[in-house]
Amino acid sequence: MNSRIGYGIIGLLFSVFFIWIIINGANTFQKKVINIVHSKMDNKLTSGKREYCFDTDGVAVSSDIGNGTNHWNAFKCWGIFRNYIYIRTIKNEMVLVNQNDLSENDVKELKSLLSQNLKEETL
């Protein structure tokens, strides 16, 4: 009789542990692994610095990892929020451009290019 109770308690503990793994433990384990890998990566890869170049084809993105071009059909709209010009992608991600970093002519040229290719959104 005592061995059945002992096995029942051990079985219950294993069940609770596996349910915890299924519900929460996998996320915790994955976050731990990502943090370990991220801490061992080169700082160049984790700097997050990107450069954007706007032209008639779309938006060219270059970073330490690689280069690519997003054509205008990859974006939904553009707008102005405070001192930033933003471009919203189809995935609802944003590309932010600080107007203080651009000259007046660059801002006018960028707005003209965006108006020709995307609809303007007002917040």
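What you see is a predicted model, and the numbers here were worked out from it, not measured in a lab.
- To the nearest 0.5 Å, the span separating CZ on F17 from CD1 on I22 amounts to 10.5 Å.
- Taking K31 as the reference, nothing meets the side-chain contact (heavy atoms from CB on, under 4.5 Å) condition, with sequence neighbours excluded.
- One finds the CG atom of D101 at 9.0 Å from the CG atom of N83 (value rounded to the nearest 0.5 Å).
- Contacts of E93 classified as side-chain contact (heavy atoms from CB on, under 4.5 Å), with partners at least two apart in sequence or in another chain: T89, K91.
- Residue Y52 shares its hydrophobic cluster (ILVMFWY side chains chained together at separations under 4.5 Å) with F54, V59, V61, W72, F75, W78, I80, I85, I87, V95, V97, L102, V107, L110, L113, L114, L118.
- The OH atom of Y84 sits 8.0 Å away from atom CG of N100, with the distance rounded to the nearest 0.5 Å.
- Sorted by first and then second residue, the pairs that involve residues 107-121 and meet salt bridge (Lys or Arg N to Asp or Glu O under 4.0 Å), not counting sequence neighbours, are R88-E121.
- Legend: residues meeting side-chain contact (heavy atoms from CB on, under 4.5 Å) with A60, ordered by chain and number and at least two apart, are C53, T69.
- Residues passing the side-chain contact (heavy atoms from CB on, under 4.5 Å) test with I10, sequence neighbours excluded: F14.
- From N117, atom CG reaches atom NE2 of H71 across 12.0 Å, with rounding to the nearest 0.5 Å.
- To the nearest 0.5 angstrom, S62 atom OG is 4.5 Å from E51 atom CD.
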